Amino acid sequence: MAEPLLQVEGIHTHIGKHHILQGVSFEVYAGEVTVLLGRNGAGKTTTLRSIMGLLPPSQGRILFKNRAIHHMKPFDIARLGIGFVPEDRGLFNLLTVEENFRVAMLQEAKKSQERLEFILDVFPDLKKFWKAKAGVLSGGQKQMLAIGRPLVNDNALLLIDEPSKGLAPIIIDHLIEAIHRLKEHMMIILVEQNFYMASKLGNVFHLFDDGRTVHKGQMEDLVQNEELKKKYLGISGAG
Amino acid sequence: MSTQQKAWLPALAVIAVFLLPILFISPKTYITLTISGVAMGMLLFLVSSGFSLIFGFMSVLNMAHGALFAWGAYIGFSAFTVINKWTGWGASDSIFLNMMIFLLVLMVAGIGVALLGVVVERLVIRPVYGSHLFQIFITVGAMIVLEELIRMVWGPDDEVMPVPMNFIGSYDLFDVVVSKYPLIAIAVGSALYLIVFMILRRTRLGMIVRAGVENPEMVQVMGHNVYRYFTGVFAAGSALAAIGGGMWATFVKSIHPAMGGEVIVFALIVAIIGGLGSMTGSVVGALMVGLSYNYVAYLIPKAALGITMLLLVVILSIKPTGLFREGT
(Lines give C-alpha, C1' and ligand atoms only; values in the text may rest on other atoms or scores of the structure.)
Protein backbone atom coordinates (compact mmCIF):
# COMPACT_ATOMS: atom_id res chain seq x y z
CA MET A 1 0.00 0.00 0.00
CA ALA A 2 1.14 3.56 -0.71
CA GLU A 3 2.57 5.77 2.04
CA PRO A 4 -0.09 7.79 3.85
CA LEU A 5 0.11 11.54 3.23
CA LEU A 6 -1.11 12.33 6.73
CA GLN A 7 -0.75 10.22 9.86
CA VAL A 8 -2.47 11.15 13.09
CA GLU A 9 -1.08 8.91 15.82
CA GLY A 10 -2.83 8.76 19.19
CA ILE A 11 -3.16 12.47 19.76
CA HIS A 12 -4.47 13.94 23.00
CA THR A 13 -5.57 17.58 22.98
CA HIS A 14 -6.73 19.77 25.84
CA ILE A 15 -8.77 22.96 25.70
CA GLY A 16 -8.11 24.63 29.03
CA LYS A 17 -8.77 21.98 31.66
CA HIS A 18 -10.90 19.88 29.32
CA HIS A 19 -9.33 16.76 27.85
CA ILE A 20 -11.04 16.82 24.45
CA LEU A 21 -9.09 14.37 22.28
CA GLN A 22 -8.17 11.19 24.10
CA GLY A 23 -6.31 9.15 21.53
CA VAL A 24 -7.30 10.00 17.97
CA SER A 25 -5.56 8.00 15.26
CA PHE A 26 -6.12 7.79 11.54
CA GLU A 27 -4.30 7.94 8.24
CA VAL A 28 -5.14 9.68 5.03
CA TYR A 29 -4.00 8.48 1.61
CA ALA A 30 -3.65 10.31 -1.66
CA GLY A 31 -6.72 10.49 -3.87
CA GLU A 32 -9.15 10.13 -0.97
CA VAL A 33 -11.78 12.25 0.64
CA THR A 34 -11.74 11.29 4.30
CA VAL A 35 -14.83 12.13 6.29
CA LEU A 36 -14.73 12.55 10.05
CA LEU A 37 -18.11 11.71 11.52
CA GLY A 38 -19.59 11.75 14.99
CA ARG A 39 -22.05 13.50 17.24
CA ASN A 40 -21.58 17.10 18.42
CA GLY A 41 -18.67 17.35 20.82
CA ALA A 42 -17.07 14.10 19.66
CA GLY A 43 -13.80 15.90 18.81
CA LYS A 44 -13.93 16.29 15.01
CA THR A 45 -13.35 20.05 14.89
CA THR A 46 -10.67 19.81 17.58
CA THR A 47 -8.91 17.21 15.44
CA LEU A 48 -8.80 19.56 12.45
CA ARG A 49 -7.57 22.40 14.66
CA SER A 50 -4.89 20.11 16.12
CA ILE A 51 -3.68 19.14 12.64
CA MET A 52 -3.56 22.84 11.73
CA GLY A 53 -1.52 23.69 14.85
CA LEU A 54 -4.23 25.88 16.37
CA LEU A 55 -4.69 23.44 19.25
CA PRO A 56 -1.38 21.60 19.47
CA PRO A 57 -1.71 18.10 20.91
CA SER A 58 -0.16 17.44 24.32
CA GLN A 59 0.56 13.83 23.37
CA GLY A 60 0.86 11.81 20.17
CA ARG A 61 2.20 12.69 16.73
CA ILE A 62 0.96 14.18 13.50
CA LEU A 63 3.01 13.46 10.37
CA PHE A 64 2.46 15.16 7.02
CA LYS A 65 4.45 13.67 4.15
CA ASN A 66 6.43 11.80 6.84
CA ARG A 67 7.37 15.04 8.58
CA ALA A 68 6.31 15.69 12.19
CA ILE A 69 4.12 18.79 12.28
CA HIS A 70 2.51 18.57 15.73
CA HIS A 71 5.03 20.99 17.27
CA MET A 72 4.91 23.49 14.42
CA LYS A 73 3.19 26.88 14.28
CA PRO A 74 0.01 27.17 12.16
CA PHE A 75 1.69 29.42 9.56
CA ASP A 76 4.51 26.91 9.05
CA ILE A 77 2.00 24.06 8.73
CA ALA A 78 0.02 26.07 6.18
CA ARG A 79 3.19 26.68 4.17
CA LEU A 80 3.80 22.91 3.95
CA GLY A 81 0.65 22.69 1.83
CA ILE A 82 -2.31 22.30 4.17
CA GLY A 83 -5.33 24.55 3.69
CA PHE A 84 -8.03 25.05 6.29
CA VAL A 85 -11.67 26.09 6.01
CA PRO A 86 -13.01 26.59 9.54
CA GLU A 87 -16.58 26.02 10.65
CA ASP A 88 -17.28 29.79 10.84
CA ARG A 89 -15.64 30.16 7.38
CA GLY A 90 -13.06 32.64 8.73
CA LEU A 91 -13.72 35.21 6.02
CA PHE A 92 -12.40 38.75 6.23
CA ASN A 93 -15.78 40.38 5.89
CA LEU A 94 -14.48 43.95 5.55
CA LEU A 95 -12.17 42.96 2.71
CA THR A 96 -13.38 42.43 -0.85
CA VAL A 97 -13.51 39.00 -2.46
CA GLU A 98 -10.38 39.95 -4.42
CA GLU A 99 -8.57 41.06 -1.25
CA ASN A 100 -9.53 37.83 0.51
CA PHE A 101 -7.82 35.91 -2.27
CA ARG A 102 -4.76 38.19 -2.26
CA VAL A 103 -4.29 37.69 1.49
CA ALA A 104 -4.56 33.93 0.98
CA MET A 105 -2.07 33.90 -1.91
CA LEU A 106 1.36 33.07 -0.53
CA GLN A 107 3.04 34.19 -3.70
CA GLU A 108 1.54 36.25 -6.45
CA ALA A 109 2.99 34.08 -9.19
CA LYS A 110 1.71 32.90 -12.56
CA LYS A 111 0.78 29.53 -11.05
CA SER A 112 -1.41 31.24 -8.46
CA GLN A 113 -3.18 33.15 -11.24
CA GLU A 114 -3.84 29.89 -13.08
CA ARG A 115 -5.23 28.34 -9.90
CA LEU A 116 -7.38 31.43 -9.36
CA GLU A 117 -8.84 31.01 -12.83
CA PHE A 118 -9.67 27.39 -11.98
CA ILE A 119 -11.35 28.47 -8.71
CA LEU A 120 -13.44 31.08 -10.49
CA ASP A 121 -14.42 28.42 -13.02
CA VAL A 122 -15.56 26.13 -10.18
CA PHE A 123 -17.27 28.98 -8.30
CA PRO A 124 -18.35 31.44 -11.04
CA ASP A 125 -20.46 33.44 -8.55
CA LEU A 126 -17.27 34.77 -6.98
CA LYS A 127 -16.31 36.44 -10.24
CA LYS A 128 -19.56 38.43 -10.18
CA PHE A 129 -18.84 39.71 -6.68
CA TRP A 130 -15.08 40.19 -7.18
CA LYS A 131 -15.06 43.79 -5.91
CA ALA A 132 -17.76 43.29 -3.25
CA LYS A 133 -17.01 43.05 0.45
CA ALA A 134 -17.09 39.43 1.63
CA GLY A 135 -19.54 40.41 4.37
CA VAL A 136 -22.31 41.16 1.85
CA LEU A 137 -22.20 37.74 0.13
CA SER A 138 -24.96 35.16 0.63
CA GLY A 139 -24.31 32.12 2.82
CA GLY A 140 -23.54 29.91 -0.18
CA GLN A 141 -21.23 32.46 -1.78
CA LYS A 142 -19.41 32.92 1.53
CA GLN A 143 -18.82 29.19 1.71
CA MET A 144 -17.55 29.16 -1.88
CA LEU A 145 -15.10 31.94 -1.01
CA ALA A 146 -14.03 30.13 2.16
CA ILE A 147 -13.32 26.93 0.22
CA GLY A 148 -11.85 28.70 -2.78
CA ARG A 149 -9.36 30.82 -0.83
CA PRO A 150 -6.88 28.12 0.23
CA LEU A 151 -6.94 26.68 -3.28
CA VAL A 152 -4.90 29.59 -4.67
CA ASN A 153 -1.84 27.95 -3.12
CA ASP A 154 -0.30 24.66 -4.09
CA ASN A 155 -1.94 22.76 -1.23
CA ALA A 156 -1.87 18.99 -1.09
CA LEU A 157 -4.43 18.69 1.68
CA LEU A 158 -7.56 20.66 2.44
CA LEU A 159 -9.32 20.49 5.81
CA ILE A 160 -12.97 21.54 5.57
CA ASP A 161 -15.13 21.89 8.68
CA GLU A 162 -18.90 21.62 8.22
CA PRO A 163 -19.23 23.22 4.79
CA SER A 164 -22.99 22.54 4.60
CA LYS A 165 -23.80 24.35 7.82
CA GLY A 166 -26.66 26.79 7.37
CA LEU A 167 -26.97 26.22 3.63
CA ALA A 168 -30.11 25.42 1.60
CA PRO A 169 -30.27 21.90 0.02
CA ILE A 170 -29.86 23.27 -3.50
CA ILE A 171 -26.68 25.12 -2.49
CA ILE A 172 -25.40 21.95 -0.81
CA ASP A 173 -25.82 20.06 -4.10
CA HIS A 174 -23.86 22.77 -5.88
CA LEU A 175 -21.15 22.57 -3.22
CA ILE A 176 -20.96 18.77 -3.55
CA GLU A 177 -20.46 19.16 -7.27
CA ALA A 178 -17.70 21.74 -6.72
CA ILE A 179 -15.87 19.66 -4.09
CA HIS A 180 -16.04 16.67 -6.49
CA ARG A 181 -14.01 18.74 -8.95
CA LEU A 182 -11.51 19.68 -6.24
CA LYS A 183 -10.99 16.00 -5.31
CA GLU A 184 -9.00 15.55 -8.50
CA HIS A 185 -6.44 18.10 -7.36
CA MET A 186 -5.95 17.44 -3.64
CA MET A 187 -6.78 15.30 -0.67
CA ILE A 188 -9.64 16.45 1.47
CA ILE A 189 -10.52 15.82 5.10
CA LEU A 190 -14.12 16.72 5.65
CA VAL A 191 -15.93 17.15 8.94
CA GLU A 192 -19.61 16.97 8.16
CA GLN A 193 -22.82 16.53 10.16
CA ASN A 194 -24.92 16.34 7.01
CA PHE A 195 -24.74 12.63 6.22
CA TYR A 196 -26.13 13.14 2.72
CA MET A 197 -23.20 15.39 1.84
CA ALA A 198 -20.70 13.19 3.67
CA SER A 199 -21.86 10.07 1.84
CA LYS A 200 -21.82 11.81 -1.54
CA LEU A 201 -18.25 13.01 -1.13
CA GLY A 202 -16.45 10.59 1.16
CA ASN A 203 -14.33 7.61 0.16
CA VAL A 204 -13.38 6.60 3.67
CA PHE A 205 -14.81 7.52 7.05
CA HIS A 206 -13.59 7.69 10.65
CA LEU A 207 -16.17 7.67 13.40
CA PHE A 208 -15.49 9.74 16.49
CA ASP A 209 -16.96 9.22 19.93
CA ASP A 210 -15.90 10.97 23.16
CA GLY A 211 -12.64 12.22 21.70
CA ARG A 212 -11.58 8.88 20.22
CA THR A 213 -11.69 7.28 16.80
CA VAL A 214 -13.90 4.22 17.22
CA HIS A 215 -14.55 2.97 13.69
CA LYS A 216 -13.20 3.39 10.23
CA GLY A 217 -13.99 2.00 6.86
CA GLN A 218 -15.24 2.63 3.36
CA MET A 219 -18.04 5.16 3.09
CA GLU A 220 -20.19 2.83 0.97
CA ASP A 221 -20.13 0.29 3.81
CA LEU A 222 -21.26 2.87 6.37
CA VAL A 223 -24.16 3.89 4.14
CA GLN A 224 -25.39 0.27 4.40
CA ASN A 225 -24.65 -0.12 8.13
CA GLU A 226 -27.81 1.05 9.90
CA GLU A 227 -26.63 -0.06 13.33
CA LEU A 228 -23.42 1.99 13.25
CA LYS A 229 -25.21 5.04 11.92
CA LYS A 230 -27.86 4.81 14.63
CA LYS A 231 -25.36 4.21 17.42
CA TYR A 232 -22.83 6.92 16.63
CA LEU A 233 -24.64 9.40 14.43
CA GLY A 234 -28.19 9.11 15.72
CA ILE A 235 -29.56 8.61 12.23
CA SER A 236 -31.54 5.78 10.70
CA GLY A 237 -32.91 4.88 7.27
CA ALA A 238 -31.25 6.27 4.19
CA GLY A 239 -29.80 9.21 6.14
CA MET B 1 -34.88 59.16 1.96
CA SER B 2 -32.48 56.57 0.53
CA THR B 3 -30.23 54.42 2.72
CA GLN B 4 -27.20 56.26 1.34
CA GLN B 5 -28.68 59.61 2.32
CA LYS B 6 -29.53 58.25 5.78
CA ALA B 7 -25.94 57.15 6.25
CA TRP B 8 -24.86 60.79 5.95
CA LEU B 9 -27.26 61.98 8.65
CA PRO B 10 -24.96 61.31 11.66
CA ALA B 11 -22.06 63.06 9.88
CA LEU B 12 -24.25 66.09 9.12
CA ALA B 13 -25.44 66.14 12.76
CA VAL B 14 -21.81 66.15 13.98
CA ILE B 15 -20.89 69.00 11.57
CA ALA B 16 -23.93 70.97 12.80
CA VAL B 17 -22.83 70.51 16.44
CA PHE B 18 -19.32 71.72 15.61
CA LEU B 19 -20.77 74.80 13.89
CA LEU B 20 -22.74 75.72 17.03
CA PRO B 21 -19.88 77.65 18.75
CA ILE B 22 -20.10 80.25 15.96
CA LEU B 23 -23.25 81.49 17.74
CA PHE B 24 -21.13 82.50 20.74
CA ILE B 25 -17.78 83.41 19.11
CA SER B 26 -16.85 85.91 16.42
CA PRO B 27 -16.22 84.25 13.02
CA LYS B 28 -12.53 85.24 13.07
CA THR B 29 -11.96 83.67 16.47
CA TYR B 30 -13.95 80.65 15.33
CA ILE B 31 -11.61 80.15 12.36
CA THR B 32 -8.53 80.54 14.60
CA LEU B 33 -9.93 78.03 17.11
CA THR B 34 -10.93 75.63 14.34
CA ILE B 35 -7.43 75.61 12.84
CA SER B 36 -5.97 75.09 16.29
CA GLY B 37 -8.50 72.30 16.97
CA VAL B 38 -7.76 70.52 13.69
CA ALA B 39 -4.01 70.76 14.45
CA MET B 40 -4.55 69.30 17.93
CA GLY B 41 -6.73 66.63 16.30
CA MET B 42 -3.99 65.64 13.86
CA LEU B 43 -1.47 65.37 16.71
CA LEU B 44 -3.91 63.25 18.72
CA PHE B 45 -4.51 61.13 15.64
CA LEU B 46 -0.82 60.28 15.47
CA VAL B 47 -0.81 59.05 19.06
CA SER B 48 -4.18 57.31 19.06
CA SER B 49 -3.85 55.63 15.65
CA GLY B 50 -0.83 53.63 16.83
CA PHE B 51 -2.61 52.67 20.03
CA SER B 52 -5.74 51.71 18.09
CA LEU B 53 -3.86 49.75 15.41
CA ILE B 54 -1.93 47.79 18.04
CA PHE B 55 -5.14 46.94 19.88
CA GLY B 56 -7.04 46.08 16.72
CA PHE B 57 -4.37 43.84 15.20
CA MET B 58 -2.73 42.35 18.26
CA SER B 59 -5.52 42.70 20.85
CA VAL B 60 -2.91 44.34 23.08
CA LEU B 61 -3.74 47.18 25.45
CA ASN B 62 -0.44 49.00 25.48
CA MET B 63 -0.44 51.36 28.45
CA ALA B 64 3.22 52.14 27.71
CA HIS B 65 2.16 53.89 24.49
CA GLY B 66 2.34 57.28 26.25
CA ALA B 67 5.91 56.60 27.34
CA LEU B 68 6.85 55.82 23.72
CA PHE B 69 5.28 59.18 22.82
CA ALA B 70 7.52 60.85 25.44
CA TRP B 71 10.57 58.99 24.10
CA GLY B 72 9.70 60.37 20.66
CA ALA B 73 9.67 63.88 22.07
CA TYR B 74 13.01 63.42 23.85
CA ILE B 75 14.75 61.75 20.91
CA GLY B 76 13.36 64.57 18.75
CA PHE B 77 14.75 67.11 21.23
CA SER B 78 18.24 65.56 21.09
CA ALA B 79 18.12 65.05 17.33
CA PHE B 80 17.13 68.67 16.77
CA THR B 81 19.93 69.92 19.04
CA VAL B 82 22.57 67.78 17.31
CA ILE B 83 21.42 68.35 13.71
CA ASN B 84 20.98 72.07 14.29
CA LYS B 85 24.48 72.27 15.76
CA TRP B 86 25.91 70.65 12.60
CA THR B 87 23.79 72.41 10.02
CA GLY B 88 22.17 75.46 11.60
CA TRP B 89 19.00 74.61 9.64
CA GLY B 90 16.74 75.23 12.64
CA ALA B 91 17.91 78.83 13.00
CA SER B 92 17.96 79.47 9.25
CA ASP B 93 15.63 82.00 7.60
CA SER B 94 14.80 79.47 4.92
CA ILE B 95 11.46 77.72 5.52
CA PHE B 96 12.72 74.89 3.31
CA LEU B 97 15.70 74.22 5.62
CA ASN B 98 13.40 74.59 8.65
CA MET B 99 11.09 71.94 7.17
CA MET B 100 14.07 69.70 6.36
CA ILE B 101 15.34 69.70 9.94
CA PHE B 102 11.82 69.22 11.28
CA LEU B 103 11.14 66.20 9.04
CA LEU B 104 14.61 64.78 9.77
CA VAL B 105 13.97 65.09 13.51
CA LEU B 106 10.60 63.34 13.15
CA MET B 107 12.24 60.60 11.10
CA VAL B 108 14.97 60.02 13.68
CA ALA B 109 12.37 59.99 16.49
CA GLY B 110 10.14 57.60 14.52
CA ILE B 111 12.96 55.16 13.67
CA GLY B 112 14.46 55.32 17.17
CA VAL B 113 11.18 54.61 18.93
CA ALA B 114 10.20 51.95 16.36
CA LEU B 115 13.37 50.08 17.38
CA LEU B 116 12.52 50.64 21.04
CA GLY B 117 9.03 49.33 20.23
CA VAL B 118 10.54 46.13 18.81
CA VAL B 119 12.41 45.59 22.09
CA VAL B 120 9.27 46.31 24.17
CA GLU B 121 7.17 43.95 22.02
CA ARG B 122 9.70 41.11 22.23
CA LEU B 123 10.50 41.45 25.94
CA VAL B 124 7.32 42.76 27.49
CA ILE B 125 4.30 42.14 25.28
CA ARG B 126 5.03 38.74 23.72
CA PRO B 127 4.81 36.76 26.97
CA VAL B 128 1.33 38.15 27.72
CA TYR B 129 -0.46 37.82 24.38
CA GLY B 130 -4.09 36.88 24.96
CA SER B 131 -4.41 38.21 28.51
CA HIS B 132 -5.63 41.81 28.75
CA LEU B 133 -5.28 41.92 32.53
CA PHE B 134 -1.60 40.92 32.44
CA GLN B 135 -1.05 43.27 29.51
CA ILE B 136 -2.33 46.21 31.57
CA PHE B 137 -0.13 45.29 34.54
CA ILE B 138 3.01 44.66 32.54
CA THR B 139 2.65 47.64 30.18
CA VAL B 140 2.00 49.99 33.13
CA GLY B 141 5.26 48.60 34.53
CA ALA B 142 6.96 49.20 31.18
CA MET B 143 5.61 52.75 31.15
CA ILE B 144 7.22 53.42 34.56
CA VAL B 145 10.53 51.90 33.46
CA LEU B 146 10.56 53.89 30.19
CA GLU B 147 9.78 57.11 32.05
CA GLU B 148 12.54 56.46 34.57
CA LEU B 149 14.93 55.76 31.70
CA ILE B 150 14.10 59.22 30.31
CA ARG B 151 14.97 60.72 33.72
CA MET B 152 18.25 58.77 33.70
CA VAL B 153 19.25 59.79 30.18
CA TRP B 154 17.95 63.37 29.96
CA GLY B 155 17.43 64.29 33.62
CA PRO B 156 14.23 64.88 35.61
CA ASP B 157 13.70 68.55 34.72
CA ASP B 158 11.56 70.08 32.01
CA GLU B 159 13.39 71.02 28.83
CA VAL B 160 12.55 73.70 26.31
CA MET B 161 11.85 72.11 22.93
CA PRO B 162 13.72 73.99 20.20
CA VAL B 163 11.49 75.08 17.34
CA PRO B 164 12.57 75.97 13.78
CA MET B 165 12.70 79.72 13.22
CA ASN B 166 9.86 79.99 10.73
CA PHE B 167 7.48 77.86 12.80
CA ILE B 168 7.15 80.65 15.38
CA GLY B 169 4.63 83.44 15.01
CA SER B 170 1.45 83.76 13.01
CA TYR B 171 0.02 84.86 9.70
CA ASP B 172 -2.60 87.54 9.38
CA LEU B 173 -4.99 86.30 6.71
CA PHE B 174 -7.80 88.82 6.11
CA ASP B 175 -7.65 89.90 9.76
CA VAL B 176 -7.77 86.28 10.96
CA VAL B 177 -4.77 85.39 13.13
CA VAL B 178 -3.48 81.96 12.17
CA SER B 179 -0.50 80.51 14.04
CA LYS B 180 2.13 79.06 11.72
CA TYR B 181 2.87 75.79 13.45
CA PRO B 182 -0.73 74.44 13.54
CA LEU B 183 -0.82 74.74 9.74
CA ILE B 184 2.40 72.73 9.51
CA ALA B 185 1.04 70.18 12.00
CA ILE B 186 -2.14 69.82 9.93
CA ALA B 187 -0.12 69.33 6.73
CA VAL B 188 2.31 66.77 8.23
CA GLY B 189 -0.48 64.96 10.15
CA SER B 190 -2.68 64.76 7.03
CA ALA B 191 0.24 63.50 4.94
CA LEU B 192 0.98 60.78 7.49
CA TYR B 193 -2.70 59.81 7.63
CA LEU B 194 -2.73 59.51 3.83
CA ILE B 195 0.45 57.41 3.86
CA VAL B 196 -0.91 55.04 6.53
CA PHE B 197 -4.28 54.92 4.76
CA MET B 198 -2.70 54.11 1.39
CA ILE B 199 -0.47 51.42 2.89
CA LEU B 200 -3.47 49.80 4.57
CA ARG B 201 -5.74 50.10 1.50
CA ARG B 202 -3.47 49.60 -1.47
CA THR B 203 -0.67 47.26 -0.49
CA ARG B 204 -0.78 43.52 0.15
CA LEU B 205 0.92 44.15 3.49
CA GLY B 206 -1.92 46.52 4.39
CA MET B 207 -4.49 43.92 3.35
CA ILE B 208 -2.86 41.32 5.58
CA VAL B 209 -2.82 43.77 8.50
CA ARG B 210 -6.51 44.65 7.93
CA ALA B 211 -7.32 40.96 7.67
CA GLY B 212 -5.40 40.40 10.91
CA VAL B 213 -7.44 43.08 12.67
CA GLU B 214 -10.56 41.09 11.77
CA ASN B 215 -9.28 37.56 12.32
CA PRO B 216 -5.61 37.04 13.30
CA GLU B 217 -6.06 33.27 13.63
CA MET B 218 -7.16 32.97 10.01
CA VAL B 219 -4.19 35.05 8.86
CA GLN B 220 -1.96 32.48 10.57
CA VAL B 221 -3.57 29.47 8.94
CA MET B 222 -3.06 31.16 5.58
CA GLY B 223 0.68 30.85 6.11
CA HIS B 224 1.53 34.32 7.38
CA ASN B 225 3.88 34.52 10.34
CA VAL B 226 1.58 36.56 12.49
CA TYR B 227 4.27 37.22 15.13
CA ARG B 228 6.43 38.97 12.55
CA TYR B 229 3.45 41.14 11.63
CA PHE B 230 2.79 41.77 15.35
CA THR B 231 6.33 43.09 15.74
CA GLY B 232 5.99 45.19 12.58
CA VAL B 233 2.64 46.67 13.60
CA PHE B 234 3.95 47.39 17.11
CA ALA B 235 7.00 49.13 15.65
CA ALA B 236 4.80 51.15 13.27
CA GLY B 237 2.42 52.09 16.11
CA SER B 238 5.40 53.13 18.25
CA ALA B 239 6.82 55.21 15.39
CA LEU B 240 3.48 57.00 14.98
CA ALA B 241 3.45 57.72 18.75
CA ALA B 242 7.03 59.05 18.52
CA ILE B 243 6.25 61.32 15.57
CA GLY B 244 3.21 62.52 17.54
CA GLY B 245 5.52 63.14 20.52
CA GLY B 246 8.00 65.15 18.46
CA MET B 247 5.22 67.21 16.88
CA TRP B 248 3.39 67.71 20.17
CA ALA B 249 6.61 68.91 21.85
CA THR B 250 7.11 71.44 19.04
CA PHE B 251 3.50 72.55 19.60
CA VAL B 252 3.77 73.10 23.37
CA LYS B 253 7.52 73.96 23.17
CA SER B 254 8.43 71.98 26.27
CA ILE B 255 9.06 68.38 27.27
CA HIS B 256 9.08 66.52 30.57
CA PRO B 257 9.43 62.83 31.43
CA ALA B 258 5.77 62.31 32.44
CA MET B 259 4.31 64.02 29.36
CA GLY B 260 3.18 60.68 27.92
CA GLY B 261 0.86 59.94 30.84
CA GLU B 262 -1.12 63.11 30.13
CA VAL B 263 -1.53 62.45 26.43
CA ILE B 264 -2.35 58.74 26.70
CA VAL B 265 -5.69 59.69 28.32
CA PHE B 266 -6.60 61.68 25.20
CA ALA B 267 -5.29 58.90 22.95
CA LEU B 268 -7.46 56.34 24.75
CA ILE B 269 -10.55 58.54 24.48
CA VAL B 270 -9.90 59.19 20.79
CA ALA B 271 -9.31 55.50 20.02
CA ILE B 272 -12.47 54.45 21.89
CA ILE B 273 -14.62 57.16 20.28
CA GLY B 274 -13.37 56.26 16.80
CA GLY B 275 -13.62 52.49 17.37
CA LEU B 276 -10.56 50.48 18.38
CA GLY B 277 -8.74 49.12 15.36
CA SER B 278 -10.04 51.74 12.92
CA MET B 279 -7.72 54.29 11.28
CA THR B 280 -10.62 56.35 9.92
CA GLY B 281 -12.16 56.21 13.40
CA SER B 282 -8.92 57.51 14.90
CA VAL B 283 -8.77 60.52 12.59
CA VAL B 284 -12.48 61.37 13.03
CA GLY B 285 -12.33 60.84 16.82
CA ALA B 286 -9.16 62.93 17.09
CA LEU B 287 -10.70 65.81 15.12
CA MET B 288 -13.82 65.70 17.28
CA VAL B 289 -11.77 65.79 20.50
CA GLY B 290 -9.37 68.47 19.22
CA LEU B 291 -12.16 70.79 18.01
CA SER B 292 -14.46 70.40 21.02
CA TYR B 293 -11.52 70.90 23.40
CA ASN B 294 -10.49 74.14 21.69
CA TYR B 295 -14.00 75.63 21.43
CA VAL B 296 -14.87 74.84 25.04
CA ALA B 297 -11.45 75.90 26.33
CA TYR B 298 -12.17 79.34 24.85
CA LEU B 299 -15.77 79.59 26.06
CA ILE B 300 -15.59 77.83 29.46
CA PRO B 301 -11.89 77.06 30.17
CA LYS B 302 -12.61 74.88 33.23
CA ALA B 303 -14.89 72.58 31.22
CA ALA B 304 -12.32 71.82 28.48
CA LEU B 305 -11.39 68.35 29.70
CA GLY B 306 -14.96 67.67 30.79
CA ILE B 307 -16.27 68.14 27.24
CA THR B 308 -13.94 65.37 26.04
CA MET B 309 -15.35 63.03 28.67
CA LEU B 310 -18.90 64.07 27.78
CA LEU B 311 -18.17 63.38 24.11
CA LEU B 312 -16.96 59.89 25.07
CA VAL B 313 -20.07 59.18 27.17
CA VAL B 314 -22.49 60.46 24.49
CA ILE B 315 -20.86 58.50 21.66
CA LEU B 316 -20.55 55.29 23.66
CA SER B 317 -24.18 55.49 24.74
CA ILE B 318 -25.25 55.82 21.08
CA LYS B 319 -22.66 53.41 19.63
CA PRO B 320 -20.87 51.29 22.26
CA THR B 321 -18.32 49.98 19.77
CA GLY B 322 -17.19 53.46 18.70
CA LEU B 323 -17.96 55.35 15.50
CA PHE B 324 -16.21 53.05 13.02
CA ARG B 325 -15.77 49.32 12.74
CA GLU B 326 -12.34 47.86 13.32
CA GLY B 327 -10.39 47.31 10.14
CA THR B 328 -11.94 50.36 8.42
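To find a chain, count down the sequence lines: A is the first, B the second, and so on, and within it residues start at 1. The shown structure was predicted, so the numbers you read here are calculated from the model rather than taken from an experiment.
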Evaluate salt bridge (Lys or Arg N to Asp or Glu O under 4.0 Å) for B/E217 paired with A/R49, printing each intermediate quantity in order. CA-CA 11 Å; B/E217 183 179 282; A/R49 293 177 69 80; 2.9 Å; yes
For the residue pair B/M218 and A/F92, establish whether any side-chain heavy-atom pair is separated by less than 4.5 Å. yes
Closest non-hydrogen atom pair between A/G90 and B/N215, with its separation: CA-ND2, 3.7 Å
Point-to-point distance, once rounded to the nearest 0.5 Å, from CG of B/N225 to CZ of A/R79: 8.5 Å
Heavy-atom check, side chain of A/M105 versus side chain of B/M222, under 4.5 Å: no
Max heavy-atom pairs within cutoff under 4.5 Å with chain A, candidates B/V221, B/I208, B/V219, goes to B/V221
Can you tell which part of A/L54 gets under 4.5 Å to a heavy atom of chain B, answering side chain, backbone, both or neither? side chain
Turns out that what part of A/L91 lies under 4.5 Å from chain B's heavy atoms comes down to backbone
Using modelled atom types and a 3.5 Å cut-off, is there a donor and acceptor pairing between side-chain atoms of B/R204 and backbone atoms of A/R102? yes
Neighbour count above 12 (heavy atom, 6.0 Å) for A/K73 NZ: no
So A/M52 and B/Q220, do their side chains get closer than 4.5 Å, heavy atoms only? no
So does A/N93 get a backbone contact from the side chain of B/E214, meaning a donor-acceptor N/O pair under 3.5 Å? yes
Check whether any side-chain N or O of B/H224 sits under 3.5 Å from a backbone N or O of A/L106 as a donor-acceptor pair, and report yes or no. no
Rounded at 0.5 Å granularity, tell me how far CG in A/L95 sits from CZ in B/R210. 4.5 Å
